[in-house]
Amino acid sequence: MSTLFSVNLNKLALIRNSRGTDYPNLLYFVKKLIDLGVKGFTVHPRPDERHIRYQDVYDISAFLKDYPEIEFNIEGNPNEQFLKIIREVKPHQCTLVPDSDDQLTSDHGFDIITHHEFLSTLSKELQAFGTRCAVFIDPDIEQIKAVIESDVQTIEMYTEEWARAYSNGKSDDNIDFDEVKQRFSDCINLANQNGIRVNAGHDLNLENLADLLALSDIAEVSIGHAFTIESLEQGMDNVVRQYLAICG
Ligand SMILES: CC(=O)[C@@H](O)[C@H](O)COP(=O)(O)O
Ligand SMILES: NCC(=O)COP(=O)(O)O
């Protein structure tokens, strides 16, 4: 199974916002990345608009109308402001992430057990107008079991623990990489066996991605932080080519 490589544009927007101009222009990079073969984009507008601004969401959505084959994935905490945009833009995919406004970055998934009704209802609403609804969750088998009992049909596996174990597990005695690997494999396989689409994201990079995809079927990965740094190091064309090859 091939995996959709979705480029998260947050960090390009962060660089843009640091000078108060429109350089780098996000749509320039969206077009450049499409020409390089990228088939998906992810943005995570946060209430403080530290990187992706709400206007960027509308601008990118309008630009991608000419590219119906390109997936647009909008991530965020499902507060009323966020949901207003989703209901207007109706992207291919919306990923619900339980971040508080002041979080440095995303650092936990939803507790499907506690928020079963809310997430099921919202998932059905979005799917009814054609937006695939993914829910950001931790690699916890009990959460997967709760997803199976809910109306949530797509999850995004939070992969920070994978990335940390992959980079430190071989040297850090406090991290049991084999346990992490088995848990991720069990979670992804149980979801797949029950018809749940599995996306993945957070801290994925050129080093740790292939072994994650080897565990089981992952439909989509969204990568932004490492992608931006790797592009500075190796050139964006070269990095995109490597990610597309890993994703198959
Ligand atoms: C949900 C997730 O893990 C990332 O998609 C998130 O978008 C990262 O946000 P920052 O780019 O603000 O760290
Ligand atoms: N959902 C993960 C994402 O979009 C990007 O996360 P990261 O690669 O910036 O850590």
Side-chain angles (χ1 to χ4, degrees), residues 3-18 24 26 29-30 33 38-54 56-57 60 70-79 82 85-86 91-111 119 132-139 143 154-167 184 188 197-210 212-213 218-233 236 239-240 242-243 246-247:
T3 300
L4 177 69
F5 170 55
S6 181
V7 174
N8 182 303
L9 299 166
N10 291 359
K11 297 305 165 350
L12 284 174
L14 188 68
I15 295 169
R16 178 204 56 196
N17 292 4
S18 67
L26 295 190
F29 278 98
V30 168
L33 289 160
V38 170
K39 298 293 185 196
F41 295 94
T42 293
V43 295
H44 191 145
R46 295 180 180 272
D48 62 10
E49 295 189 301
R50 65 189 73 166
H51 40 53
I52 294 292
R53 295 173 177 143
Y54 291 116
D56 291 323
V57 177
I60 294 166
I70 304 295
E71 184 192 87
F72 190 27
N73 174 41
I74 306 174
E75 300 187 327
N77 183 329
N79 59 39
F82 177 81
I85 292 174
I86 298 301
H92 298 91
Q93 180 172 271
C94 170
T95 302
L96 307 179
V97 186
D99 287 0
S100 60
D101 294 357
D102 58 352
Q103 266 179 232
L104 174 65
T105 185
S106 306
D107 61 14
H108 64 284
F110 262 107
D111 180 345
L119 293 170
R132 183 191 311 125
C133 180
V135 178
F136 196 59
I137 67 159
D138 296 326
Q143 293 296 331
T154 302
I155 60 175
E156 176 175 339
M157 195 71 67
Y158 174 40
T159 51
E160 185 275 337
E161 188 180 3
W162 169 265
R164 181 157 37 88
Y166 200 91
S167 59
F184 271 83
I188 298 168
R197 171 187 165 112
V198 179
N199 299 343
H202 204 93
D203 284 343
L204 294 176
N205 61 33
L206 284 172
E207 182 197 15
N208 64 35
L209 180 59
L212 176 73
L213 299 185
I218 292 177
E220 175 176 325
V221 290
S222 40
I223 304 176
H225 193 82
F227 171 80
T228 307
I229 298 161
E230 289 159 345
S231 294
L232 290 172
E233 290 170 336
M236 188 173 281
V239 170
V240 168
Q242 291 176 75
Y243 275 114
I246 293 169
C247 289

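Counting convention: from 1, in listed order, for ligands and their atoms alike. The model shown is predicted, which means the values in this text are computed figures rather than measured ones.
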Under 3.5 Å, is there a donor-acceptor pair between the N79 and N77 side chains?
-> no
Could you tell me whether the side chain of N199 reaches within less than 4.5 Å of the side chain of Q93, counting heavy atoms only? yes
For atom 12 (O) of ligand 1, the closest protein heavy atom turns out to be H51 NE2, 2.7 Å
Under 4.0 Å between heavy atoms, the region of E75 that gets near ligand 1 turns out to be side chain
Looking only at non-hydrogen atoms, the one of T105, D99, L9 nearest atom 13 (O) of ligand 1 is T105
Modelled atom types, side-chain donor and acceptor of T42 and N8, under 3.5 Å | no
The protein heavy atom nearest to atom 9 (O) of ligand 1 is R46 NH2, 3.0 Å
Per-atom filter on ligand 1: closer than 4.0 angstrom to a heavy atom of K11 are 10 (P), 11 (O), 13 (O)
Going by the 4.0 angstrom heavy-atom rule, the piece of Y158 near ligand 1 is neither
Worksheet item: Less than 4.5 Å apart, any side-chain heavy atom of S231 and any of F29?
Response: no
I'd like to check whether R50 has a polar contact with ligand 1, where a contact means an N/O of the residue lying under 3.5 Å from an N/O of the ligand. no
Next item on the list: Can you label the angle between the H51 ring and the H44 ring as parallel, tilted or perpendicular, going by 30° and 60°?
Entry: perpendicular
Under 4.0 Å from one or more heavy atoms of N8, ligand 1 contributes atoms 5 (O), 7 (O)
So CD of Q103 and CG of D48: to nearest 0.5 Å the spacing works out to 11.5 Å
When distances are taken from atom 7 (O) of ligand 1, the protein heavy atom at minimum range is H44 ND1, 2.9 Å
Side chains of N17 and R53, donor plus acceptor under 3.5 Å: yes
So for T42 against ligand 1, with non-hydrogen atoms under 4.0 Å, the contacting part is neither
Distance filter under 4.0 Å, heavy atoms only, around ligand 2 gives N8, T42, E75, E156, G201, H202, D203, S222, I223, G224, H225
Practice problem: Check whether any N or O atom of H202, backbone or side chain, sits under 3.5 Å from an N or O atom of ligand 1, and answer yes or no. | Solution: yes
Side chains of D56 and V43, heavy atoms from C-beta outward: is any pair under 4.5 Å?
no
Exercise for the section: Count the heavy atoms of every other residue, nucleotide or ligand shown that sit under 6.0 Å from CG of L232, and state whether that count exceeds 12. Expected result: yes
Flag, side chain of E49 to backbone of Y54, donor-acceptor distance under 3.5 Å
yes
Can you tell me if S106 and D99 form a side-chain donor-acceptor pair at under 3.5 Å?
yes
